[in-house]
Amino acid sequence: MNWFWPCRRQWNDIIPENKITENEYSNEERGRIPQGIFPFFIPKKDLHYCAADKNGGIMNNQGKSIIEFGEQMLGNHESGHRILFLSVIGEIEGHELSPERTKTTKYEHLLPLLARAQDDKEVDGILMLINTVGGDCSCGLAAAEMTASIEKPVVSLIIGDSHSIGVPLSVASKHTVIAPTATMIIHPVRINGTVIGAPQTFEYFKLIQDRILDFVEAHSRAKKQELEQMMMKKGMMAKDLGTILVGEEAVKAGLADEVGGIAEALSWLHREIDRKKESL
């Protein structure tokens, strides 16, 4: 099988320009190629999935998806399952743009990816990696609702933090895994900008808060009353009310199903995909 190098970029001085496939390199030329390049060769049959990058090299669509959306298709497991990997990182950007230097997950990117995963027969399950400080409540809750409505197996892995509106996103999956040192933070709804000091404003805050708590209660083992108590807890956070749950504490609170990492998340996902296929 011929293999192509998808990231040629500026290494024309290292290997001859007219040599494209791995088979055409001499041992001497292979020795001049930086270590770690050859594992990224892609099969010739997949060349039609490639596109030229801005430096004139070749970059496949998987690489572009990771850069643009934090998305990757996992399909090399011995089971043959095809799993869509999505990452929710930084701030969840919604109706307003975040500052330029802020790392964000845009909900207008996330929603189409979730819709495609539900509709695409080639996708067997979804692995959602979560490391977010929260963000737009309305848009984060919309993404959580869409995640919860997907009929395929979905597992979320909290690998760093799941704060604020990240909590509904975490529990929206069928199974939630949290790393031993990862945290979940529950705090009252906040708003930036001008606030009108009227009873209706606080009623609106309470409405948003109830929507979030009702969703979390419906998709986890936590009770609304307990969530409200954690949300209004004093003394744990210096500049805010709320509760910080670390690893096992989130499991005990009913917001996560197990403590683990990528191995545990994928193991559950493969088992659930097999179970679902057997039931069909």
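We number each residue from 1, following the sequence as shown.
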- Query: Can Q118 and I150 be said to form a side chain to side chain contact (heavy atoms under 4.5 Å, CB included), step by step?
  - Reply: CA-CA 6 Å; Q118 169 62 29; I150 291 176; 3.4 Å; yes
Can you find a pair of side-chain heavy atoms, one from [X] and one from [Y], that are under 4.5 Å apart?
X: I212; Y: V189; value: yes
X: L245; Y: I185; value: no
X: E249; Y: V246; value: yes
X: L84; Y: R116; value: yes
X: L86; Y: L110; value: yes
X: I83; Y: L266; value: yes

- Polar side-chain atom of S220 near backbone of V216 as donor-acceptor pair, under 3.5 Å: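 It does hold such a pair.
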- Just by modelled atom types, is the G166 backbone N or O under 3.5 Å from a matching donor or acceptor in the S164 side chain?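 Side chain of S164 to backbone of G166: no pair is present.
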Sequence neighbours left out, cut at 3.5 Å: what donor-acceptor pairs do the side chains of residues 223-234 make with other protein atoms?
residue: K224; atom: NZ; partner: D214; partner atom: OD1; Å: 3.0

Return a table of donor-acceptor pairs under 3.5 angstrom between the side chains of residues 129-145 and protein atoms on other chains or two or more places apart.
residue: N131; atom: OD1; partner: D161; partner atom: N; Å: 2.9
residue: T132; atom: OG1; partner: G90; partner atom: O; Å: 2.7
residue: T132; atom: OG1; partner: G134; partner atom: N; Å: 3.0
residue: D136; atom: OD1; partner: S138; partner atom: N; Å: 3.0
residue: D136; atom: OD1; partner: C139; partner atom: N; Å: 3.0
residue: D136; atom: OD2; partner: H95; partner atom: N; Å: 3.3

- Item | Polar contact flag, side-chain donor to acceptor under 3.5 angstrom, S267-R271 |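 Checked: S267/R271 side chains pair up, N/O donor to acceptor below 3.5 Å.
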- Just checking, any donor-acceptor pair under 3.5 angstrom between side chains of S156 and S170?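 Checked: S156/S170 side chains show no N/O donor-acceptor pair below 3.5 Å.
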- Task: Could you tell me whether K252 atom NZ has more than 12 heavy atoms of other residues or ligands within 6.0 Å of it?
- Result: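 Atom NZ in K252 is not crowded, with 12 or fewer foreign heavy atoms closer than 6.0 Å.
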- OG1 on T243 to CE on M184, rounded to 0.5 Å: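 If we round to the nearest 0.5 Å, M184:CE and T243:OG1 are 12.0 Å apart.
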- Query: Hey, are K276 and D124 close enough for a salt bridge, meaning a charged N less than 4.0 Å from a carboxylate O?
  - Reply: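 So K276 does not pair with D124 through a salt bridge.
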